[in-house]
Amino acid sequence: MKLKTLLVSCLVALAPMAAQAQVEQFKIMAPANPGGGFDTIARTLGEALQASGQVKSVVVENKAGAGGAIGMAQFVNNEKGNPNALLVAGAVTVGALETNKSPVNFGMVTPISRLMGEFNVIVVPTASPYKSIKDLMAAYKANPGAVSIGGGSAGGIDHIMASLMSEKAGVDPDKLNYIPFAGGGEGKAAVLGNQIAAYISGYGELADLIKAGKVRALGISAATRNPDIPVPTIREQGTDVVVYNWRGVFAAPGINAAQKAQLIKMVETAVKSPAWKAKAEKFEWLDMLQSGDTFQTFLNEDIKRTSVTVKKLKLGN
């Protein structure tokens with residue numbers, strides 16, 4: 001009887017601890033308008049954190065502008081020391097911060113994990129005369145200003161990809177008629193409405209439109225064809241450009257080592273959950289999970305690499 005009483009007492013004592021393990025409210029900052037890659041990652045991660053039982057509720061906050069710099073600045077100012085908040089950022093942010101010489105930088109946040117990656121795809125309206133990358137590049141080379149190419153924020157991975165394609169065509173990237181959009185929803189609306197000649201974004205963001213025949217996919221920025229993606233590579237069509245977009249999450253400044261370790265554990269658990277994997281499969285995301293110091297090393301290298309590219313293409317303000 002005494003043993004039973006002791007066991008009951010222990011269970012009662014442990015119950016509050018178990019309840020505390022689940023975060024009541026978690027916040028994820030998506031530094032872009034709804035409908036794009038940052039927003040999709042934020043909401044998918046939020047759903048996975050909830051589905052895996054780690055958090056009770058998740059608030060996704062959208063704050064677009066300057067390629068993610070405005071959202072990052074707000075996150076740094078408002079969430080300092082908050083262990084229950086994450087910022088979504090990625091290759092787009094690295095390029096935009098470098099190009100715009102932003103007052104905020106990745107040294108102001110705490111790297112947690114790189115989550116995924118995806119190749120870019122360039123699409124055109126279904127009524128477009130361009131049937132291939134060769135068609136598009138021929139028209140661009142003949143009259144660069146007449147071929148408007150849309151994508152994410154200025155200086156981001158989409159802009160860098162368009163500039164690299166321009167360079168490969170023998171045209172100074174300064175002549176590129178690039179139309180930046182603050183969110184994927186706006187960009188997709190523009191290409192669907194025939195307001196731009198072509199649009200660049202992550203394959204996952206455009207997969208549904210491509211499969212439904214609402215846009216025509218000309219090429220994907222992979223090195224070799226993916227058997228699951230019925231789109232030829234840009235490289236095989238004579239324009240040797242290979243890029244991929246990555247996205248990850250960052251914690252607020254001022255958190256301690258234990259809080260950082262806990263966030264890494266939470267994120268890795270969420271990314272391994274069925275809820276995340278189902279979305280990753282749907283959007284054809286590449287599994288690029290990398291956390292902690294390893295992610296920090298990758299980030300440092302990507303910032304240096306992007307800085308060189310931005311200077312070479314004369315994208316900086």
Side-chain angles (χ1 to χ4, degrees), residues 29-43 60-74 87-100 102 118-128 130 136 140 144-166 173 175-210 214-221 241 243-247 283 306 310 313 315-317:
M29 164 67 78
N33 287 330
F38 286 162
D39 183 66
T40 301
I41 291 293
R43 295 182 190 281
V60 173
E61 184 175 2
N62 294 90
K63 190 69 178 178
I70 292 177
M72 181 183 282
Q74 181 171 306
L87 165 76
V88 179
V92 169
T93 323
V94 174
L97 295 184
E98 181 66 32
T99 303
N100 299 315
S102 174
E118 63 180 338
F119 294 110
N120 271 352
V121 64
I122 185 164
V123 302
V124 295
T126 54
S128 170
Y130 311 129
L136 178 68
Y140 174 73
V147 181
S148 56
I149 301 177
S153 301
I157 192 68
D158 305 336
H159 191 183
I160 288 174
M161 174 175 153
S163 298
L164 289 171
M165 292 177 69
S166 179
K175 296 181 179 179
L176 182 66
N177 182 8
Y178 185 78
I179 313 296
F181 294 95
E186 297 171 14
K188 286 183 277 189
V191 72
L192 287 170
N194 296 289
Q195 296 167 13
I196 51 178
Y199 181 62
I200 297 172
S201 190
Y203 178 78
E205 294 174 47
L206 294 168
D208 288 348
L209 294 181
I210 293 169
K214 294 183 178 180
V215 294
R216 181 186 304 133
L218 299 187
I220 195 163
S221 65
V241 171
V243 299
Y244 72 87
N245 192 1
W246 64 267
R247 297 187 182 95
F283 292 126
T306 301
V310 165
L313 297 174
L315 298 180
N317 294 328

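Atom set for the values below is all heavy atoms of this structure, side chains included, hydrogens, waters and symmetry mates excluded.
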Do we see a donor-acceptor contact under 3.5 Å between the side chains of Asn120 and Asp158?
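Judged by distance alone, the side chains do pair up.
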
Answer yes if the side chains of Tyr244 and Ser221 hold a donor-acceptor pair under 3.5 Å, and no otherwise.
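No donor-acceptor contact under 3.5 Å links the two side chains.
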
Are any non-hydrogen side-chain atoms of [X] and [Y] less than 4.5 angstrom apart?
X	Y	answer
Pro144	Asn177	no
Asn245	Val92	yes
Glu118	Phe283	no
Leu209	Val123	no
Ile149	Ile179	no
Ile200	Val121	no
Leu136	Ile122	yes

Looking only at heavy atoms, which two atoms of [X] and [Y] are closest? And how far apart?
X	Y	answer
Pro31	Gly71	CB-CA, 4.0 Å
Asn194	Pro125	OD1-CB, 2.9 Å
Ala32	Phe38	CB-CD1, 4.0 Å
Ala30	Val60	CB-CG1, 4.3 Å
Ile210	Ala217	CD1-CB, 3.9 Å
Ala66	Ala96	O-CB, 4.0 Å

Is any side-chain N of the basic residue among Arg43 and Glu61 closer than 4.0 Å to the acidic one's carboxylate O?
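A salt bridge is absent here (no side-chain N lies under 4.0 Å from a carboxylate O).
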
SB check Glu205 Lys188 (cutoff 4.0 Å)
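A salt bridge is absent here (no side-chain N lies under 4.0 Å from a carboxylate O).
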
Parallel, tilted or perpendicular: which fits the ring planes of Phe181 and Tyr199, with parallel below 30° and perpendicular above 60°?
perpendicular

Short side-chain to backbone donor-acceptor contact, [X] and [Y], under 3.5 Å:
X	Y	value
Ser166	Ala162	no
Arg216	Ala127	no
Ser148	Ala197	yes

Between [atom1] of [X] and [atom2] of [Y], what distance do you get to the nearest 0.5 Å?
X	Y	atom1	atom2	answer
His159	Thr99	NE2	OG1	7.5 Å
Ile196	Ser128	CD1	OG	11.0 Å
Thr306	Leu97	OG1	CG	10.0 Å
Asn100	Ser153	CG	OG	8.0 Å
Met29	Asn62	CE	CG	8.5 Å
Asn33	Glu186	CG	CD	5.0 Å

For side chain to side chain contact (heavy atoms under 4.5 Å, CB included), just list the numbers for Val124 and Val191, CA-CA rounded to whole Å, side-chain angles, deciding distance to a tenth of an Å, and then say yes or no.
CA-CA 7 Å; Val124 295; Val191 72; 5.6 Å; no

